[in-house]
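Taking it in order: structure first as structure tokens, then the write-up.
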Amino acid sequence: MKQEVTNFSRFYSTFNRMPYHGDRESLKQQLVMQFTNGRTESLREVTVKEYEALCNELEKQVPPKPRDVFARELKRRRSEVLHQMQLYGVDTSDWKIVDKFCLDSRIAGKRFRYLEIEDLEALYKKLRAMRKKQDEK
């Protein structure tokens with residue numbers, strides 16, 4: 001039988017984060033047996049469909065990496081701030097302009113890429129207030 005799945009990194013990245021005390025090899029074999037309906041215990045012999053189902057189930061059971069949660073939150077905050085900058089009139093398609101705007105000590109005092117989550121929260125509030133004041137004029 002031709003091996004259908006050749007890259008098992010998705011499986012192992014999740015499997016290695018699973019909390020388990022005991023023989024991990026036997027756990028892997030049990031999982032493979034479960035998702036292949038007893039056809040095989042070798043990960044190399046699973047079909048693409050079985051592999052997808054196995055990985056999806058493992059990912060549901062294992063909490064995300066803290067680094068992934070932080071990165072997702074940072075990305076969300078950056079997006080909010082960039083949107084407020086656009087509404088204020090800053091050309092966010094040019095990073096030099098964004099950095100110049102952020103470098104002003106009255107705005108943030110540092111380049112956009114160096115802003116932490118707390119800085120982004122404060123800048124978001126500041127931009128909202130600036131826009132409100134701009135709209136009142």
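Position 1 is the first residue of the sequence, and the numbers go up from there. Remember, it's a predicted structure, so these values are computed and weren't measured experimentally.
Remark: E136 does not engage K133 in a salt bridge, criterion side-chain N to carboxylate O under 4.0 Å. Using a 4.0 Å cut-off between charged side-chain N and carboxylate O, E121 and K125 make no salt bridge. Under a 4.0 Å N-O distance rule, the pair K49/E52 does not qualify as a salt bridge.
For the pair R24 and F15, the distance from NZ or CZ to the six-membered ring centre is under 6.0 Å and the angle to the ring normal is within 45 degrees.
Under the 4.5 Å side-chain criterion, counting only non-hydrogen atoms from C-beta, L43 is in contact with F11. Counting only heavy atoms from C-beta outward, the side chains of L58 and M18 approach each other to under 4.5 Å. The shortest side-chain heavy-atom distance between F112 and L120 falls under the 4.5 Å cut-off. For the pair E4/E50, no side-chain contact is recorded, criterion being any heavy-atom separation below 4.5 Å from C-beta on. No side-chain heavy atom of I107 sits less than 4.5 Å from a side-chain heavy atom of M85. Between R77 and Y124, the closest side-chain pair of non-hydrogen atoms is not below 4.5 Å. Using a 4.5 Å cut-off on side-chain heavy atoms (C-beta onward), I117 and F70 make contact.
Linking ILVMFWY residues whenever their side-chain heavy atoms come closer than 4.5 Å, directly or via other members, places F101 and I97 in the same cluster. Note on V62 and V69: separate hydrophobic clusters, where clusters join Ile, Leu, Val, Met, Phe, Trp and Tyr whose side-chain heavy atoms are under 4.5 Å apart, directly or indirectly. Hydrophobic clustering keeps V90 apart from L103 (ILVMFWY residues linked when any side-chain heavy atoms are closer than 4.5 Å, directly or through intermediates). Put simply, L115 and L87 are part of two different groups of oily side chains (I, L, V, M, F, W, Y) that touch within less than 4.5 Å, one to the next. Taken together through direct or relayed side-chain contacts under 4.5 Å among Ile, Leu, Val, Met, Phe, Trp and Tyr, V81 and Y88 form part of one hydrophobic cluster.
Below 30°, between 30° and 60°, or above 60°: for F8 and Y51 the angle between ring planes is above 60°, a perpendicular geometry.
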Could you give me the CA-CA distance, side-chain angles and deciding distance for Q30 and L27, then say whether side-chain contact (heavy atoms from CB on, under 4.5 Å) is met?
CA-CA 5 Å; Q30 289 172 357; L27 173 63; 4.2 Å; yes
Take R10 and E59, measure what salt bridge (charged side-chain N to carboxylate O under 4.0 Å, His left out) needs, and give me the verdict at the end.
CA-CA 9 Å; R10 181 177 173 202; E59 288 168 351; 2.9 Å; yes
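A donor-acceptor distance shorter than 3.5 angstrom exists from the side chain of R17 to the backbone of P63, with no hydrogens or angles considered. For K126 (side chain) and R106 (main-chain N/O), a donor-acceptor pair under 3.5 Å exists by modelled atom type.
Using a 3.5 Å distance cut-off with no hydrogens or angles, the side chains of T92 and Q86 do pair a donor with an acceptor. Side chains of Q61 and E57: a donor-acceptor N/O pair is present below 3.5 angstrom, by distance only.
The CG atom of D119 lies 10.5 Å from the CZ atom of R78; values are rounded to the nearest 0.5 Å. Here NZ of K100 is found 12.5 Å from CG of D91. Values are rounded to the nearest 0.5 Å. In this structure, L31 CG and T36 OG1 are separated by 10.5 Å, a value rounded to the nearest 0.5 Å. Within the model, atoms NZ of K28 and CG of L54 stand 10.5 Å from one another, a figure rounded to the nearest 0.5 Å. For the atom pair NZ (K110) and OG (S105), the distance works out to 13.5 Å, reported to the nearest 0.5 Å.
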